[in-house]
Amino acid sequence: MEYKILLVDDDNDLSFIISESLSKYGYITTHASTAEEAYEILEKNTFHIIILDINLPDSSGFEICKEIR
């Protein structure tokens, strides 16, 4: 089974490193830089795990977590 992970973080360099590391273990990652982008992705896709940054330019990881729960 391939596990899909949504990574929500505004630090593109860190997101790239995390995505590359996870892909070595067979995980499929999708990246969003903002809460708005994350919501758009979540409308069309499902994920096994979501990794959220707490400080985003347009929201917080806590708010996103509340919203998608």
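The first residue in the sequence is number 1, and the count goes up from there.
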Undergrad: Taking distance alone, no hydrogens or angles, what donor-acceptor pairs closer than 3.5 Å link side-chain atoms of residues 59-69 to residues at least two apart or in another chain?
TA:
from, atom 1, to, atom 2, distance (Å)
S60, OG, F62, N, 3.4
S60, OG, E63, N, 3.1

Undergrad: Of all heavy-atom pairs between T34 and V8, which one has the smallest distance, and what is that distance?
TA: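 Closest pair (atom of T34, atom of V8, distance): O-CG1, 4.2 Å.
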Undergrad: Do I49 and Y3 sit in one hydrophobic cluster, given that two such residues count as connected whenever their side-chain heavy atoms are within less than 4.5 Å of each other, even indirectly?
TA: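 Linked, I49 and Y3 end up in one cluster.
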Undergrad: Identify whether L14 and I51 are in the same connected component of the hydrophobic contact network (ILVMFWY, side-chain heavy atoms under 4.5 Å).
TA: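 Both belong to a single hydrophobic cluster.
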Undergrad: If I compare all heavy atoms of H48 with all of E2, which pair ends up nearest, and what's the gap?
TA: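 Closest approach of H48 to E2: CE1-O, 3.5 Å.
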Undergrad: Is the number of heavy atoms from other residues, nucleotides or ligands under 6.0 Å of Y27 OH greater than 12?
TA: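 Result for OH/Y27: open.
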Undergrad: Are L52 and Y39 linked, directly or through intermediate hydrophobic residues, by side-chain heavy-atom contacts shorter than 4.5 Å (ILVMFWY only)?
TA: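 In one cluster: yes.
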Undergrad: Hey, any chance I5 and L56 share a hydrophobic cluster, counting ILVMFWY side chains that come within less than 4.5 Å of each other, even indirectly?
TA: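 No, no single cluster joins them.
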Undergrad: Can you list the steps and then say if L42 with I50 is a side-chain contact (heavy atoms from CB on, under 4.5 Å)?
TA: CA-CA 10 Å; L42 286 167; I50 301 174; 3.9 Å; yes
Undergrad: Working to the nearest 0.5 angstrom, can you tell me the gap between I17 CD1 and L22 CG?
TA: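 I17 CD1 to L22 CG: 12.0 Å, rounded to 0.5 Å.
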Undergrad: With the 4.5 Å side-chain cut-off for hydrophobic clustering, are I28 and L7 part of the same group?
TA: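 The answer is no; the residues belong to distinct hydrophobic clusters.
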Undergrad: Once rounded to the nearest 0.5 Å, what's the spacing between atom CG of D58 and atom CG of D10?
TA: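 Taking CG in D58 and CG in D10, the distance rounds to 9.0 Å.
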Undergrad: What are the two closest non-hydrogen atoms of S33 and N12, and how far apart are they?
TA: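 Scanning both residues completely, I find the closest heavy atoms to be OG-OD1, 3.3 Å.
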Undergrad: Show the numbers, then the answer: is there a side-chain contact (heavy atoms from CB on, under 4.5 Å) between L6 and I41?
TA: CA-CA 9 Å; L6 176 60; I41 292 169; 4.2 Å; yes
Undergrad: Run through T30, D9, T29 and flag the one making a side chain to side chain donor-acceptor pair (under 3.5 Å) with S19.
TA: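 Of the listed residues T30, D9, T29, the side chain to side chain donor-acceptor pair (under 3.5 Å) partner of S19 is T29.
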